[in-house]
Amino acid sequence: MSRKFLSSLLRTSTTHSTTSQCHAQTILQSLLPNVILETDLLLAYSKLGLMGHARKLFDKMSQRNMHSWNIMIASYAHNSMFFDALTVFQGFKRCGSLPDRYTLPPLFKISVGIGEPYFGWMCHGLVIKLGYVEIVVVTNSVLEFYVKCGTMSQALSVFSHHNGSWDSVTWNLMISGFGKAGLYSDAIRCFREMLKHQSGTELDYMILPSILSACGKEGDLLKVKEVHGFIVRNFSFGVDVPIGNALIDNYGKCGCLKDSENVFKTMSCVNLVTLTTMISCFGMHGKGEESVFLFEKMIHEGFKPNAVTLTAILASCSHSGLVDQGKKIFNSMISDYGFEPTAEHYACMVDLFGRCGCLEEALQLLKRMKSSSVTGSMWGALLASCVMHKNVEIGEVAAYHLFQLEPNNTSNYVALCGIYQSRGMAHGFSTVRAKMRDLGLIKTPGCSWINTAGRAHKFYQGDLSHPLSDMICKILYEISNTQISTDDLGVGYLLHDL
DNA sequence: CTAGGGTTAG
């Protein structure tokens, strides 16, 4: 077998056996050392995730080119082995070479992976200095870095500096970035902007989950329906799994459980995320029995629940008062699946016991735990249950722990006050209020607002300062006595440009 | 050899 033939065989190899047979041939025929062949082997092993094999080869190479360094750095980053990737990159720098367009994107992944933004900022500097800003893949990786750091202002600045050289990945990063940052209306505005820029060209279906999630979290059912209609009209393959999952989730968030179920039923292929989403939708709508039924069905079908699934089913049991089922599921996850419950799961269990009034049982659960592993969210769940059931004794215990753990969290003081107030204990009430004053804590009042004709109108609790408040209250009173279907909500077209 | 989508929680 010639060098050329082995090379092309390796470049298309997808199995361990082909790769190692080629490797054996290179040795048998004394074709090594040879940079091209060794680099081909490197890539073949990396693609199979066999980083140990790749590394052994790489260390023995007497000569390396940019390609070989890039493969090592990118593959380590791809397999979340960030420190190994960094070590290789440092070795690369010691050779006096400069990164190229293939080296740079994985470096941003490394920076996020090791939680070290300085490294990413430095790499952004390199991108500019070495003149790679015009390469859209490189600039997109910079954009993604800022999105993952949660600094949308920086992402926006990168975005606007490269006016014109965007592609659909750029838009998707911006839309999903705004969504992840909770800036849903910005995400929707960005989507509209995108439609303007690329009218006529086909819409990339990868952005649909991002835009659906922005519409759903904004609670805008009409826009969710609009995007759904658009999907049905334009994508003949029907829904792929992530799009189906996003539809289920966002119909659920907008209060249309029936539509979630319909999407779920028509999906030809589902995964763990689909099932978890559907379980949590049932839970959100107080359908605990349906959640448990689906959970048991998925286990029967051989799905292995993950930490998110467990949180969803426990929360669902809790909201529907299914204490025994919740307890059973929690215990079986530990014994049957060797599941290591996280702090969130314990918080769910406390909520499960607490919500139904089993406050003593909830407290015992926390007392049995090592005190250093009891988190604020667990005591917080207990305190919330004590407010619900007006329990002073356990409420004080939970509040005491919370005051230690999060001394500046105003809502804990307010919750304890609420318990005293509901039991008519004026002394306790004023003591906590005084403590809050001493600590300089101010309760931020609940507030809601509405945008009409480009103006925002704010309303605080019990606030009648708005000039039209008389009329507003009268209309609100009428509305609250009228049955309204979600179809009657106002019209706000999203896709009218299409 | 480089970039993008979906799930929990109060």
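All chains are named by letter (A, B, ...) in the order of the sequence lines, taking the proteins before the strands, and each is independently numbered beginning at 1.
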Base, sugar-phosphate, or nothing for Ser168(A), non-hydrogen atoms under 4.0 angstrom?
-> base
Charged N to carboxylate O below 4.0 Å: is that the case for Lys287(A) and Glu261(A)?
-> no
Salt bridge (Lys or Arg N to Asp or Glu O under 4.0 Å) partners for Arg355(A), two or more places apart = Asp351(A)
Salt bridge check: are Arg189(A) and Glu193(A) linked by an N-O gap of less than 4.0 Å?
-> no
Name the nucleic acid region contacted by Glu144(A), choosing base, sugar-phosphate or nothing; use a 4.0 angstrom heavy-atom cut-off, strictly under.
-> sugar-phosphate
With distance as the sole criterion, is a donor-acceptor pair present between the side chains of Asp84(A) and Thr87(A) under 3.5 Å?
-> no
Of Asn250(A), Leu294(A), Ile248(A), the one forming a side-chain contact (heavy atoms from CB on, under 4.5 Å) with Cys281(A) is Ile248(A)
Any ion pair linking Lys223(A) and Glu226(A) (charged N to carboxylate O, less than 4.0 Å)?
-> no
So what does His319(A) touch, heavy atoms closer than 4.0 Å: a base, only the sugar-phosphate, or nothing?
-> sugar-phosphate
Side chains of His345(A) and Thr342(A): donor-acceptor distance under 3.5 Å anywhere?
-> yes
Looking at residues 96-104 of chain A, who's got a heavy atom less than 4.0 Å off DNA chain B?
-> Arg101(A), Tyr102(A)
Just checking, any donor-acceptor pair under 3.5 angstrom between side chains of Thr277(A) and Asp249(A)?
-> no
Outermost contacting nts on DNA chain B, any atom under 4.0 Å from chain A heavy atoms, listed 5' then 3', are dC1(B) to dG10(B)
Give one of base, sugar-phosphate or nothing for Val241(A), where a contact means two heavy atoms less than 4.0 Å apart.
-> base
